[in-house]
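Notes for the one structure printed next.
Any value given below was found using the heavy atoms of this structure, including those in side chains, with hydrogens, waters and symmetry copies removed.
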Amino acid sequence: MKSIGYWAATAFAVCAGAALAQDVPTGPVRLDISLKAGQTRTFKIVSDTILTTTIQSLEPKKTTTKSSGTFEMVVDAVNPDGSYAVKIHTVKQALSVNGADTPAPDGADADVKATLTRDGRFRDVSGAPKLKDGVPAPMTGEDFLNTVFDKEAALPSQPVAVGETWKDKVESPVDNTQPKMTVNNKLVALDLMDATPVARVLRIICEPIQNPSPEPGVTVSGKMEGGGLATMDLASGLVADERDTLRLTVNVEAQNPANSAQKVNLKTEANIKVRVQSAPSA
């Protein structure tokens with residue numbers, strides 16, 4: 001005969017499972033940022049980039065960059081309009097180029113202050129590090145922070161159900177003065193991750209790059225394509241885990257200054273892998 005303890009344990013397991021199942025919404029959900037003053041969240045970000053540059057028929061030059069960082073975001077206050085005043089502190093970071101460690105940019109470990117909106121965008125950024133030579137496009141503090149924390153894709157303004165889609169615009173990786181590029185988002189599942197209700201959002205981008213060059217005789221073309229799956233914490237609206245793979249190709253054609261009848265071709269290809277993880281700070 002089964003013991004009373006066995007049946008009690010079985011009943012507890014069934015009830016616990018039912019309680020967890022009830023935590024997963026079955027209908028449309030609102031995906032927006034919902035935080036409280038004093039909350040702290042830790043972000044871990046890892047990226048790998050392989051950049052290949054080819055000039056004319058010369059041997060391609062390949063550069064491999066690996067970066068990682070741990071950041072802590074503190075909610076200082078909830079603003080009257082519902083947005084959040086946040087402070088982001090760099091706990092640690094590392095950067096290597098072709099296997100050699102590289103010092104971080106000046107001021108990269110300084111605290112950054114910003115406003116985080118309910119639809120998931122950083123605004124009014126102060127203290128973001130200045131990007132140095134070698135970065136393909138100038139970026140403002142907002143661009144930098146939105147890119148680092150993967151918050152360029154704004155959250156939908158209305159509740160969405162599994163299977164529904166929405167679009168958003170992100171900055172061009174070549175020149176942020178150019179028209180923004182479209183990201184296609186789709187809510188593919190509502191389930192649990194470590195007993196926490198989450199939304200799984202598929203993000204896909206496939207957009208041509210328009211000619212950003214103001215120089216006469218220079219043409220630029222290319223494409224940004226790729227995407228990934230974001231797992232979003234429904235309680236906070238923040239990304240708990242996301243993995244993205246992107247491919248950027250840029251082709252530049254210009255007249256040879258030494259011979260106006262000759263064209264010079266430059267092709268750049270970047271293959272990028274990024275993973276973002278976050279959780280409430282211990």
Going hydrophobic residue to hydrophobic residue with side-chain gaps under 4.5 angstrom, can you get from V74 over to V86?
no
For V264 and L266, what are the C-alpha separation, side-chain angles and deciding distance, and is it a side-chain contact (heavy atoms from CB on, under 4.5 Å)?
CA-CA 7 Å; V264 177; L266 170 65; 5.8 Å; no
Please check this pair: side chain of Q93 against backbone of S68, looking for a donor-acceptor N/O pair closer than 3.5 Å.
no
Under a 4.0 Å N-O cut-off, is there an ion pair linking K113 with D124?
no
Write out all pairs satisfying salt bridge (Lys or Arg N to Asp or Glu O under 4.0 Å) with one or both partners inside residues 53-69, taking only residues at least two apart or from two chains.
D48-K66
Can you check whether D241 reaches R275 side chain to side chain, under 4.5 Å on heavy atoms?
yes
Not counting sequence neighbours, which residues clear salt bridge (charged side-chain N to carboxylate O under 4.0 Å, His left out) with E225? List them please.
R247
Would you list the pairs meeting salt bridge (Lys or Arg N to Asp or Glu O under 4.0 Å) in which at least one residue belongs to residues 77-92, sequence neighbours left out?
none
So how far is it from I205 CD1 to D244 CG, rounded to the nearest 0.5 Å?
10.0 Å
Just how far is it from atom CD of E207 to atom OG1 of T182, taken to the nearest 0.5 Å?
4.5 Å
Locate the shortest heavy-atom distance separating A114 from V125; write the atom from each residue and the value.
CB-CG2, 3.8 Å
Nearest atoms (heavy-atom pairs only) where T54 meets P60
OG1-CB, 3.5 Å
How many angstroms lie between CG in L229 and OG1 in T245, if you round to the nearest 0.5 Å?
11.5 Å
Out of curiosity, does I50 fall in the hydrophobic cluster containing V274 (side-chain heavy atoms, cut-off under 4.5 Å, transitive links)?
no
Give the intermediate values and the outcome of side-chain contact (heavy atoms from CB on, under 4.5 Å) for residues L234 and L190.
CA-CA 9 Å; L234 283 175; L190 296 170; 4.3 Å; yes
side-chain contact (heavy atoms from CB on, under 4.5 Å) assessment of E253 paired with N251
CA-CA 7 Å; E253 185 176 80; N251 299 294; over 6 Å; no
Residues which pass salt bridge (charged side-chain N to carboxylate O under 4.0 Å, His left out) with D76, listed by chain and number, not counting sequence neighbours:
none
Looking only at non-hydrogen atoms, find the nearest pair between A199 and L187 and report the distance.
CB-CD1, 3.7 Å
Distance in Å, R30 CZ paired with L155 CG, rounded so as to fall on 0.5 Å steps
10.5 Å
CZ on F122 to CE on M73, rounded to 0.5 Å:
5.5 Å
For V201 and N185, the nearest pair of non-hydrogen atoms, with its separation, is CG1-CB, 4.2 Å
When clusters are formed by joining ILVMFWY residues with side-chain heavy atoms under 4.5 Å apart, either directly or through shared neighbours, do V78 and L116 land in the same one?
yes
Tightest non-hydrogen contact, residues G82 and R118, listed as O-CD, 3.1 Å
Rounded distance (nearest 0.5 Å) linking atom NZ of K273 with atom OG1 of T49
11.0 Å
State yes or no: do L51 and L248 share one hydrophobic cluster built from I, L, V, M, F, W and Y residues joined by side-chain heavy-atom distances below 4.5 Å, directly or via other members?
no
Taking every heavy atom of W166 against every heavy atom of L31, the minimum-distance pair comes out as CH2-CD1, 3.8 Å
When the side chains of residues 33-46 are checked against the rest of the protein, which donor-acceptor pairs come out under 3.5 Å, sequence neighbours left out?
unit_1 : atom_1 : unit_2 : atom_2 : d
Q39    : OE1    : K36    : N      : 2.5
R41    : NE     : S278   : OG     : 2.8
R41    : NH2    : S278   : OG     : 3.4
T42    : OG1    : S281   : OG     : 2.7

How about D101 and S96: do any of their side-chain heavy atoms sit closer than 4.5 Å?
yes
Taking only Lys NZ, Arg NE, NH1 and NH2, and the carboxylate oxygens of Asp or Glu, determine whether R200 and D191 approach each other closer than 4.0 Å.
yes
State, without any angle test, whether D194 and T196 hold a side-chain donor-acceptor pair at a distance under 3.5 Å.
no
Can V239 be reached from V188 by stepping across I, L, V, M, F, W or Y side chains whose heavy atoms are under 4.5 Å apart?
no
What residues, two or more places apart in sequence or in another chain, satisfy side chain to side chain donor-acceptor pair (under 3.5 Å) together with T268?
none
Under 3.5 Å: donor-acceptor pair, side chain of N184, backbone of K167:
no
